[in-house]
Amino acid sequence: MTEHDRFRAARDLLLAHRTDLDAARAAFAWPALERFNWATDWFDTVAAGNDAPALHIVEESGTEAKLSYAELSRRSTQVANFLSGLGAKPGDRMLLMLGNEVPLWETMLAAIKIGVVVIPATLLLSGPDLADRLARGRVRWILTNATGAARVAETPGEALAGVGRILAGPAGRDAAGKPPAGWIDYRDSEQAPTVLAAAAPLGVDEPLLEYFTSGTTSKPKLVRHSRQSYPAGHLSTMYWLGLQPGDVHWTISSPGWAKHAWSCFFAPFNAQACVFIYNYARFSGPAVLDTVVKHGVKTLCAPPTVWRMLIQEKLGDWKTSLREAISAGEPLNPEVIEQVKAAWGLEIRDGFGQTETTAMVGNPPGLPVKAGSMGKPLPGYPVVLLDPDGKPGDEGEICIDLSRRPVSLMQGYADDTDKTAEAMRDGFYHTGDVGSRDADGYITYVGRADDVFKASGYRISPFELESALIEHPAVAEAAVVPSPDPVRGFVPKAYVILAPGHEPNAETARAIFGFLRGRVSAYKMIRRIEFSDLPKTISGKIRRVELRGQEKGRPDAGARNPQEHLEEQSR
C-alpha cells in the first residue's frame, strides 16, 4: 500500500462515519506514513486530470480568480521549480507574507514539494516584530506583496542580510513593471517547467511549517509542525468541519495564522473540496450573504463576531445552499444560534484546537449540540482533563495523553527545549486551557489556566463572564481580570470597549451591572467596570497579562480613575 493509499483510507473512513462520532473514534487510526510528501503524494495525485475547482477567490470589485485542482497542481510545480532555481533547498525557512491571493496557495504547495519550511506571517507585521521573526525564524527567503515589501523596507538592513526577497502581485513595481532593486519577480515562475525537477525525499518527521503564536501571555513562541502533523493531522479538522468532496468551503480568516492553514488549506484539500475566498475591505452583512448565495457556498466557518453581525440582517431573505455552519474561538450567544437555526434550519457548531494541534474537540455533524459546549474529543485525540494535582477528572487543564500521541501534535517549540519540555511534562501535552466535562462527555471551555483566578475562595472563569458581558448591546468587547479587594482578596473586574452610540459614563455602567445581576451568580459578579482600550497582540488577541499587571499596581479599594465604576455604587 502506498503512502497515498494509507492517507486516503484514513480520510475515507472519516467520510464514511461523518455523522457518527462514536463509530469514527472507534475505527479511526492515524495513517502510518514514512516519507510522505503531501503536496505530491496526495494533492498532485488527486489533481491529475482533475478539472474540479480547487481555489476560487472573489474580489469586492467582482473580479475573480479560479483554479482547478489540475491548474493549481501545475502552477505550484512551476513555483517549486522557480524556487529551486533560485537556490532554495530543503530546510530553508521562508517567511510567507501574503493576503488571500493565488500566490499564497501556489507557494504553500510548492514549498511542501521541495522541502522549504514555511513561516506564515500576517501583513500587519512591522518593525521589531518583523525583525524578531526574521532572526528567530532563521529566515532565508521572504515572499510577499507590495504591502509586505513596504514593511520589509522599514526593517534594519542587518536583519535582512542573506535573505532573498521575492515580490508577488502587480503592485509595487516601476513603470516597466519591474520590482524594486534587490527583489526577485514572482512572475518569473510562469516560465518555469511544469514537470517537477525533484520532490523532496524527506521523512515525515522533518519540519514543514513554523508558526509564531499570538503571544498573549509572553513573547510569541515558534511552533514547529512536521511533514505529517498538519497535512495528516487536519483529517480531524476536515471531520469537524463536515467537509465532503466537491463542497464549496469558505472560512473567513486572515492568512498568517494557524486557523487559515487549518480551514483554508489542509482540511478542504484533504476533502477534495473547493477553497472559497471573498476579499472585502469593510464587512457588510448583505454583501457576505449575497456572496454565500451567489457562489453556492456549502460550508461556512466564521468567527463569532461575524455571526453576531450577520444576524443583524433578515437571514431568511437569503436562500442559501449551506449544509454546515461552524464557529470557533468562543461560545456564541444562544440567541445567535437560535436565529440562524430559525432562518436556515442549521445549528452553528463549535470546536477547539490550538496552533500546536489541529481540531481536537468539536461538534461534528450528527452530534447533538449542547449550548455553550465545545463538543467531544475528535477522532485520533486522547483528551484528558487534569486537576491541579495532575490527576484526571471532569474539570481541569485540557491535555493530550502522550502514551497515545496523535501525529497531529506539534514537534515542539523550535529552538526552545525548555518550553517544549514544560508543555510535554509528565506524559501529557498541556494546552494551558481549562475545561469541564459533563456526564455525557461534552467539554465546556472555562478559560486559559493563566487567566482563571479565585475571588472569595471561588474559582472564576473570565471567559464565562466575558461571554455574559458581550450579550449587552452597549458592550463591543470585554476582558475580565482579578482586581485587588481588601475583603475578598480579589474581585472580577471588566475592561470594556463600548459599542458605537454608548457613552462611557456611570449611567452606562449602571445598566451593564443591572444586566449582569440577572445572568451571573452573586459569588462571581463583576464588581468593577472600566471603560478603556484593550492591549492586544498583533493577531488581535487580548493581552490580559498587561491588564492583570496594571491591577496589581493599583490600590485595593475605591474607584481608581474616572473611567472605573463600582458595582456597589450602581444599585
Side-chain angles (χ1 to χ4, degrees), residues 330-337 370-374 385 387-388 393-396 433-439 442-499 502 504-532 534 542 544 547-548 550-552 554-561 563-571:
E330 62 185 75
L332 276 170
N333 306 341
E335 64 266 26
V336 177
I337 296 172
K370 286 192 177 185
S373 169
M374 302 186 300
L385 305 183
D387 69 16
D394 288 330
E395 181 165 348
D433 289 294
V434 176
S436 62
R437 182 172 48 218
D438 69 12
Y442 285 77
I443 296 174
T444 296
Y445 185 77
V446 173
R448 287 293 295 172
D450 291 341
D451 294 334
V452 174
F453 61 93
K454 284 190 174 182
S456 299
Y458 293 101
R459 204 153 173 261
I460 304 295
S461 163
F463 195 79
E464 178 186 0
L465 296 180
E466 290 160 7
S467 297
L469 272 165
I470 60 176
E471 290 186 28
H472 191 281
V475 179
E477 204 167 359
V480 173
V481 296
S483 183
D485 181 85
V487 177
R488 300 178 179 92
F490 292 98
V491 294
K493 173 179 172 176
Y495 283 84
V496 170
I497 294 179
L498 291 172
H502 298 273
N505 53 33
E507 183 180 351
T508 302
R510 187 177 300 109
I512 296 172
F513 282 127
F515 175 84
L516 290 173
R517 289 188 195 107
R519 287 163 174 78
V520 174
S521 299
Y523 75 89
K524 53 187 173 183
M525 178 64 188
I526 291 171
R527 302 295 176 180
R528 294 171 179 167
I529 288 176
E530 181 170 332
F531 299 119
S532 168
L534 299 176
I542 298 167
R544 289 173 183 79
L547 298 176
R548 290 197 301 267
Q550 187 170 288
E551 286 302 305
K552 286 180 181 177
R554 290 178 169 179
D556 61 2
R560 281 82 57 87
N561 63 63
Q563 292 302 320
E564 186 176 63
H565 303 272
L566 308 182
E567 189 267 343
E568 65 228 40
Q569 296 174 351
S570 70
R571 294 177 181 274

Closest contact, heavy atoms only, [X] versus [Y]:
| X | Y | answer |
| --- | --- | --- |
| Asp433 | Tyr445 | OD1-OH, 2.7 Å |
| Phe463 | Gly447 | CB-CA, 4.2 Å |
| Leu469 | Ala478 | CD1-CB, 3.7 Å |
| Pro492 | Leu465 | CB-CD1, 3.8 Å |
| His565 | Phe513 | O-CZ, 3.5 Å |
| Val520 | Ala468 | CG2-CB, 4.1 Å |

Starting at [atom1] of [X], measure out to [atom2] of [Y] and round the result to the nearest 0.5 Å.
| X | Y | atom1 | atom2 | value |
| --- | --- | --- | --- | --- |
| Leu547 | Ile542 | CG | CD1 | 8.0 Å |
| Ile529 | Lys493 | CD1 | NZ | 10.5 Å |
| Ile443 | Ser436 | CD1 | OG | 8.5 Å |

Do [X] and [Y] have side chains that approach each other closer than 4.5 Å (heavy atoms only, starting at C-beta)?
| X | Y | value |
| --- | --- | --- |
| Glu551 | Pro484 | yes |
| Glu477 | Leu534 | yes |
| Phe531 | Ile512 | yes |
| Ser483 | Arg527 | no |

Worksheet item: How would you list, by chain and number, every residue that makes a side-chain contact (heavy atoms from CB on, under 4.5 Å) with Leu385, sequence neighbours excluded?
Response: Ile398, Arg437
Practice prompt. With sequence neighbours excluded, tell me which residues meet side-chain contact (heavy atoms from CB on, under 4.5 Å) with Gln550.
Written response: Tyr495, Glu530, Arg554
Discussion item. Apply side chain to side chain contact (heavy atoms under 4.5 Å, CB included) to residues Leu516 and Met525 and explain how you reach the verdict.
Written reply: CA-CA 7 Å; Leu516 290 173; Met525 178 64 188; 3.7 Å; yes
Worksheet item: What residue pairs, at least two apart or across chains, pass side chain to side chain donor-acceptor pair (under 3.5 Å) with a residue in residues 463-474?
Response: Glu464-Lys524, Glu466-Arg544
